[in-house]
Q: 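Before I ask anything, let me first share the structure, which is written out below as structure tokens.
This one's a predicted model, so the numbers in the text were calculated from it and none came from an experiment. Just the heavy atoms: all of them, side chains too, but no hydrogens, waters or symmetry mates, feed the values below. In what follows, every chain begins at residue 1, and chains take the letters A, B, ... in the order their sequences are listed.
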Amino acid sequence: MGMRYEVRLSGEGGQGLVLAGKILAEAAAIYDGKNATQSQSYGPEARGGASRSEVIISDEDIDYPKATNIDLLLALTQESSDKYSKDLKENGILLVDSEAVTKLPEGNFNVYKVPISEIARSKIGKVVVANIVALGIIAELSTIVSIDSLESAVLARVPKGTEELNLKAFRTGMEVAQELLK
Amino acid sequence: MFEYAKYLRLNKFPLIWCAGCGDGIVLKAMLRAIDKIGLSNDEITMVSGIGCSSRLPGYVDFNTLHTTHGRAIAFATGVKIAKPEMTVIVVTGDGDATAIGGNHYIHAARRNLDLTVILFNNNIYGMTGGQVSPTTPVGKKASTSPYGNLEPSFNISGLAQAAGASFVARGTVHGAHMLEKFIEKAIRKKGFSVVEVITPCPTAYGRRNRMGTAVNMIQDLKENAVTLKKAAKMSPEELEGKVVTGVLVDIDKPEYTEEYAKLSEQLKNKVGVD
Amino acid sequence: MQSNQKDKVQVITGNEACAEGALAAGLKFFAGYPITPSSEIAEILSLRLPRVDGRFIQMEDEIAAMGAIIGASLAGAKAMTATSGPGFSLKQENIGYAAMAEVPCVVVNVQRGGPSTGLPTLPAQGDVMQSRWGTHGDHPIIALAPHSVRETFELTIRAFNLSEMYRTPVILLMDEVIGHVNEKVILPGPDEYEIIQRKKPDVPPEEFLPYKHTESCVPPMVSFGEGYRYHVTGLCHDETGFPTNDPVEIDRLLRRLNGKIEVHRDEIIDVKEDFLDDAKIGIFAYGSTARSARRAMLLAREKGIKVGMLRPTVLWPFPEKFVRPMGETCSHVIVPEMNLGQMAHEVEWATCRNAEVVKINRVDGEPISPQQILDKILEVAS
């Protein structure tokens with residue numbers, strides 16, 4: 001079978017993970033011409049509670065749209081790290097918000113600890129763009145989607161008037177990741 | 001003399017209603033009102049729920065829709081919104097409109113959708129054999145209140161008024177001419193209109209409560225009816241057991257289908273922006 | 001990818017595709033009530049319908065929404081409502097009315113976990129039998145189950161077409177996975193699908209019988225206000241539409257109503273067959289579960305196990321004609337479902353128990369994974 005890349009974005013409700021997943025899927029599907037799905041799982045409440053958003057990217061038709069053997073996991077909270085890391089594959093990428101996740105899951109992973117929310121707050125001035133900062137980091141850590149496509153997808157999806165802010169968040173995320181990868 | 005036949009499906013006669021039932025008086029008053037307005041048969045959709053009064057649409061030569069118990073106003077909402085030029089009249093009873101269908105009744109009033117509801121209030125579930133209804137007075141007997149009803153009853157006109165109806169009137173089958181006028185006004189009113197008609201059920205209600213013959217019951221209605229004007233001068237004690245008749249509400253306010261049409265026009269003229 | 005094609009690529013959810021499909025089919029009236037996980041359908045249509053001379057209304061409850069779409073359909077509008085399990089239960093009363101009075105309408109049920117309030121945000125397939133037998137009395141029904149976003153668009157159009165053609169309520173039985181998954185699609189353009197309108201009478205009003213017994217079992221239909229005044233009732237009625245207690249008329253009516261689906265069964269039924277030619281193990285799967293089943297089938301085939309799959313897009317009427325041969329050629333038929341085995345019973349009788357029906361059931365709010373099905377295939381094969 002062909003290439004299948006699984007991403008799980010996890011945190012709590014209200015952190016914009018569904019939107020981030022949708023942007024990632026659109027970047028892959030619309031701009032890179034691959035196949036992609038995005039799905040989510042959440043509790044009954046609109047805010048709070050452990051939440052996850054999953055993106056599958058493939059060269060072929062995607063049958064099962066849920067992640068089971070994850071290539072890249074983002075965890076923005078301790079609860080989501082505890083709850084959603086079990087499907088991360090060996091040597092998979094684990095990206096955590098280092099301020100929120102202090103206890104890492106056991107396993108043999110490529111771990112990247114970044115104070116994502118803090119960066120959004122101090123460098124961009126708005127914690128709500130932490131999801132886009134995370135996308136910038138993911139763009140560098142994983143080469144599954146091209147940078148140009150992700151940028152285009154971010155710009156097409158964010159609210160009008162916030163393009164610049166979000167682009168800055170995305171590029172800041174990329175720079176942080178480039179430092180990590182040096 | 002007014003020719004009722006042009007609005008009737010005479011081949012469906014005789015009527016299902018018992019001898020002495022007041023429903024036929026309402027039917028005739030309604031047809032006279034429709035004729036006065038000059039509506040053709042095709043311009044009217046008549047919708048009903050379940051119960052004795054809800055059998056009325058079967059006898060009239062309009063577009064007729066006999067629905068499920070309590071849901072007449074919900075069905076009528078769909079007809080009216082899909083075809084706003086249609087005159088939509090709902091025929092319903094006290095149990096149908098205010099017990100099982102109570103939610104639809106108050107929300108249609110709140111929306112101020114242009115429906116005319118003719119609500120036959122006979123204080124009982126007649127068709128199913130005389131069970132207690134939301135308008136059975138306290139102490140009255142019904143097949144499911146054999147020791148006398150314990151529950152206070154609804155003021156169903158007041159309910160429509162409080163929920164936002166544009167027109168509310170209450171009449172009795174004794175005052176058939178007054179009824180005709182109320183129905184005419186209700187149909188002409190652009191907005192949610194209710195005409196509550198107090199009508200006797202000698203079979204399932206009167207007999208069980210020893211209220212005499214149908215004629216006695218109508219006589220009682222005559223004696224107990226007081227006009228709004230008269231009622232204003234009476235104390236609550238004096239009004240006990242009386243039926244206050246007259247136009248309770250007659251106001252003009254934005255009607256739902258017209259407001260929606262305006263919105264639709266605005267949106268269509270606005271090019272391509274969300 | 002060519003740029004003009006790229007412009008048409010979208011990443012949308014099943015709920016969005018359902019709304020788009022309904023608009024493409026000519027939807028003019030939607031009445032609904034908020035309920036997870038179907039609310040997006042109502043939200044999109046509240047935005048779109050007033051722009052295309054359609055009407056959207058949020059009713060006071062689920063029952064009213066179902067009643068309103070029947071009223072609108074009788075007034076000539078293509079009408080739809082959307083809900084999930086708890087609301088679907090409430091709609092059953094008037095679904096029965098639409099079946100009895102032969103009013104075309106589409107009822108979307110984006111299934112979530114039940115019974116009762118159950119699991120509002122998690123998937124299930126527990127309403128399969130309720131779709132068939134949810135309302136009282138013997139009644140005709142058609143239910144469709146899409147397995148992808150694109151197919152949701154297509155089956156929504158088909159739901160309207162079938163309801164118009166056979167004058168019957170049609171259930172679009174989605175599930176939370178399909179309702180909420182974002183998927184890459186290029187939606188077909190208007191010249192790529194057929195839109196069917198209800199058949200009008202070819203006789204003048206005085207000769208019109210609204211519930212005439214015809215060979216096709218489907219009488220022509222007029223809208224209120226078109227000069228053919230007639231009576232519509234949920235009571236048993238004769239050809240004129242008026243209530244009757246005549247046993248002959250009642251029997252004729254009930255047999256015709258149900259006969260509508262029987263007579264046209266072959267035109268209504270639709271199944272997708274995959275690798276069934278040489279299959280020794282069959283899978284019967286529908287909705288989002290069919291996606292897991294397909295992956296499991298492909299993985300098993302890589303291991304040299306001859307697995308094939310039957311995926312009905314129409315659940316009701318049940319496609320027994322296609323299920324029966326599986327019983328003859330396969331030793332086992334695996335039926336994965338997000339319920340405790342509702343369709344498995346149908347598969348059992350349809351295969352005449354020639355093959356062993358193996359159930360995979362999940363009711364914990366999690367979808368059935370490909371691995372779970374693959375494990376069962378390996379177990380059965382050994």
Side-chain angles (χ1 to χ4, degrees), chain B residues 9 11-12 16 41-50 55 57-86 88 100-101 103-108 110-111 113 256-257 260-261 263-268 270 272 274, chain C residues 28-31 47-79 81 92-98 100-101 103 105 135 205 222-235 237 240-243:
Chain B
R9 290 166 172 155
N11 61 342
K12 299 298 164 194
I16 197 175
N41 303 45
D42 280 324
E43 289 173 297
I44 298 171
T45 294
M46 192 162 286
V47 189
S48 68
I50 296 295
R55 285 302 189 95
Y59 305 116
V60 289
D61 187 18
F62 306 133
N63 305 285
T64 54
L65 177 55
H66 176 225
T67 72
T68 44
H69 198 15
R71 316 301 172 208
I73 291 173
F75 281 65
T77 298
V79 174
K80 183 69 191 181
I81 295 175
K83 235 178 196 141
E85 66 275 20
M86 185 74 83
V88 182
I100 190 166
N103 206 21
H104 315 309
Y105 180 66
I106 56 174
H107 283 276
R110 173 181 63 79
R111 254 174 225 129
L113 180 69
Y256 181 85
T257 58
Y260 205 118
L263 169 73
S264 189
E265 277 312 305
Q266 279 170 13
L267 290 171
K268 277 189 286 176
K270 218 165 107 183
D274 274 319
Chain C
K28 287 289 177 220
F29 183 84
F30 180 96
L47 192 70
R48 299 283 300 278
L49 276 170
R51 292 167 177 269
V52 294
D53 266 330
R55 293 292 182 262
F56 166 92
I57 188 167
Q58 181 173 313
M59 293 298 283
E60 55 275 12
D61 57 38
E62 297 275 7
I63 300 169
M66 189 64 214
I69 69 164
I70 295 172
S73 181
L74 284 164
K78 286 193 179 178
T81 185
Q92 293 300 334
E93 170 190 76
N94 287 332
I95 289 174
Y97 186 94
M100 180 59 126
V103 185
C105 55
T135 197
V222 277
S223 306
F224 283 169
E226 291 181 337
Y228 294 70
R229 295 183 301 277
Y230 67 108
H231 189 59
V232 182
T233 179
L235 290 166
H237 45 272
T240 67
F242 286 90

Q: Relative to chain B, which segment of F56(C) carries a heavy atom at a distance below 4.5 Å: side chain, backbone, both, or neither?
A: both
Q: Under a 4.5 Å heavy-atom cut-off, does chain B meet the side chain of F242(C), its backbone, both or neither?
A: side chain
Q: If you count heavy-atom pairs within less than 4.5 Å of chain C, which of H107(B), R71(B), R55(B) leads?
A: R71(B)
Q: Please find the pair of heavy atoms, one from K268(B) and one from R51(C), that lie closest to each other, and give the distance.
A: CG-O, 3.5 Å
Q: If we ignore hydrogens and angles and just use 3.5 Å, is the side chain of K83(B) paired with the main-chain N or O of G225(C) as donor and acceptor?
A: no
Q: Heavy-atom cut-off 4.5 Å, strictly under: side chain, backbone, both or neither for T45(B) against chain C?
A: side chain
Q: Find the one option among T68(B), T64(B), L263(B) whose heavy-atom pairs under 4.5 Å with chain C are most numerous.
A: T64(B)
Q: Could you check which of T77(B), T67(B), V47(B), I50(B) has the highest count of heavy-atom pairs closer than 4.5 Å to chain C?
A: T67(B)
Q: Starting from the C-alpha separation in whole Å, work towards a yes-or-no answer on side chain to side chain contact (heavy atoms under 4.5 Å, CB included) for I57(C) and Y256(B).
A: CA-CA 10 Å; I57(C) 188 167; Y256(B) 181 85; 3.7 Å; yes
Q: Does any backbone or side-chain atom of I69(C) lie under 4.5 Å from a heavy atom of chain B? Answer side chain, backbone, both or neither.
A: neither
Q: Return the orientation label for the H231(C) and H66(B) ring planes: parallel under 30°, perpendicular over 60°, tilted otherwise.
A: parallel
Q: Using the rule given for side chain to side chain contact (heavy atoms under 4.5 Å, CB included), can you reason through H104(B) versus D61(C), listing the C-alpha separation, both sets of side-chain angles and the distance that settles it, and then say yes or no?
A: CA-CA 8 Å; H104(B) 315 309; D61(C) 57 38; 3.4 Å; yes
Q: With respect to chain C, which residue among P57(B), S264(B), A76(B), A72(B) yields the maximal number of heavy-atom pairs within a distance under 4.5 Å?
A: S264(B)
Q: What part of T240(C) gets within 4.5 angstrom of chain B, counting heavy atoms only: side chain, backbone, both, or neither?
A: side chain
Q: If you count heavy-atom pairs within less than 4.5 Å of chain B, which of A68(C), A101(C), G54(C), A31(C) leads?
A: A68(C)
